[in-house]
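Just below is one structure, and these are the notes that go with it.
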Amino acid sequence: MLDRMTLYPVADDVLFAPGGRVVIRTYGVASAASTEDDGAGPVSYRTWVTGVRDQPRYWRWHHFEDARHGHRKVLEWLTGRGPQPQPPAAVAG
C-alpha cells in the first residue's frame, strides 16, 4: 500500500519527556496514481504523535497551511503552552 502513496513532509519534531521520546510528524499523503497522471491529485495532510502514554494521536488537516499551523499547535499542547488542537471543521460540499 505504501508503494502506491507519495508522502510530502511538512514538519518533524522530537520531544524528550520523563516517560520517553515523543515524535510529532506532519506530512501530506497522495496516491501515486493521482500524482503520476497530472501531478495535481488531492493531498490530505496529517499530524501523527507517537510516544504518548495513552495511544498514538493524529489530526487531519485540509490544506498545507492548516497542517503547518496545526503542527505548531500540537507542539504547544504537548509542551503545556496551549490547549489541545482541534482539526478544522469539515468543508461543506
Side-chain angles (χ1 to χ4, degrees):
M1 175 113 175
L2 284 176
D3 60 337
R4 292 180 282 175
M5 296 170 52
T6 302
L7 298 177
Y8 301 99
V10 175
D12 286 324
D13 282 289
V14 177
L15 301 174
F16 295 97
R21 188 172 76 147
V22 177
V23 178
I24 305 98
R25 286 203 166 103
T26 301
Y27 55 88
V29 179
S31 71
S34 65
T35 57
E36 289 173 4
D37 294 340
D38 61 2
V43 178
S44 65
Y45 295 92
R46 297 184 180 113
T47 298
W48 277 95
V49 176
T50 56
V52 290
R53 287 190 176 167
D54 299 331
Q55 55 186 319
R57 298 176 184 263
Y58 72 96
W59 289 262
R60 292 177 187 238
W61 314 106
H62 297 300
H63 305 287
F64 176 81
E65 287 301 322
D66 293 339
R68 274 186 355 104
H69 183 71
H71 182 93
R72 190 171 62 250
K73 290 293 187 183
V74 170
L75 279 173
E76 289 174 3
W77 169 63
L78 288 170
T79 57
R81 292 180 285 169
Q84 182 174 0
Q86 299 299 316
V91 176

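Note that these values count all heavy atoms, side chains included, but never hydrogens, waters or copies made by symmetry.
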Legend entry - Any L7 side-chain heavy atom under 4.5 Å of V29 side chain: yes
Legend entry - Rounded distance (nearest 0.5 Å) linking atom OH of Y27 with atom OG1 of T6: 13.5 Å
Legend entry - Derivation and outcome, side chain to side chain contact (heavy atoms under 4.5 Å, CB included), residues T26 and W59: CA-CA 9 Å; T26 301; W59 289 262; over 6 Å; no
Inset, instruction - Rounded to the nearest 0.5 Å, what's the gap from CD1 on I24 to NE2 on H71? Could you check? - result: 6.0 Å
Legend entry - Pair listing, salt bridge (charged side-chain N to carboxylate O under 4.0 Å, His left out) test, anchored in residues 14-24, at least two apart: none
Inset, instruction - Could you tell me whether the side chain of Y45 reaches within less than 4.5 Å of the side chain of Y8, counting heavy atoms only? - result: no
Inset, instruction - Hey, could you give me the OG1/CG distance between T47 and D66, rounded to the nearest 0.5 Å? - result: 10.5 Å
Inset, instruction - Using salt bridge (Lys or Arg N to Asp or Glu O under 4.0 Å) as the criterion, list what pairs up with R25, not counting sequence neighbours. - result: D12
Would you give me the side-chain donor-acceptor pairs under 3.5 Å for residues 72-80, sequence neighbours excluded?
| unit_1 | atom_1 | unit_2 | atom_2 | d |
| --- | --- | --- | --- | --- |
| R72 | NH2 | H69 | ND1 | 2.8 |
| T79 | OG1 | L75 | O | 2.9 |
| T79 | OG1 | E76 | O | 3.3 |
| T79 | OG1 | R81 | NE | 3.0 |
| T79 | OG1 | R81 | NH2 | 3.2 |

Inset, instruction - Find out if a path of hydrophobic residues (ILVMFWY) with successive side-chain heavy-atom gaps under 4.5 Å connects V23 to V10. - result: no
Legend entry - Closest heavy-atom pair and its distance - P42, A30: O-CB, 3.6 Å
Legend entry - side-chain hydrogen bond (donor to acceptor under 3.5 Å, both in side chains) involving Q84 - partner list, sequence neighbours excluded: none
Legend entry - Cluster overlap F64 with V43, hydrophobic side-chain contacts below 4.5 Å: yes
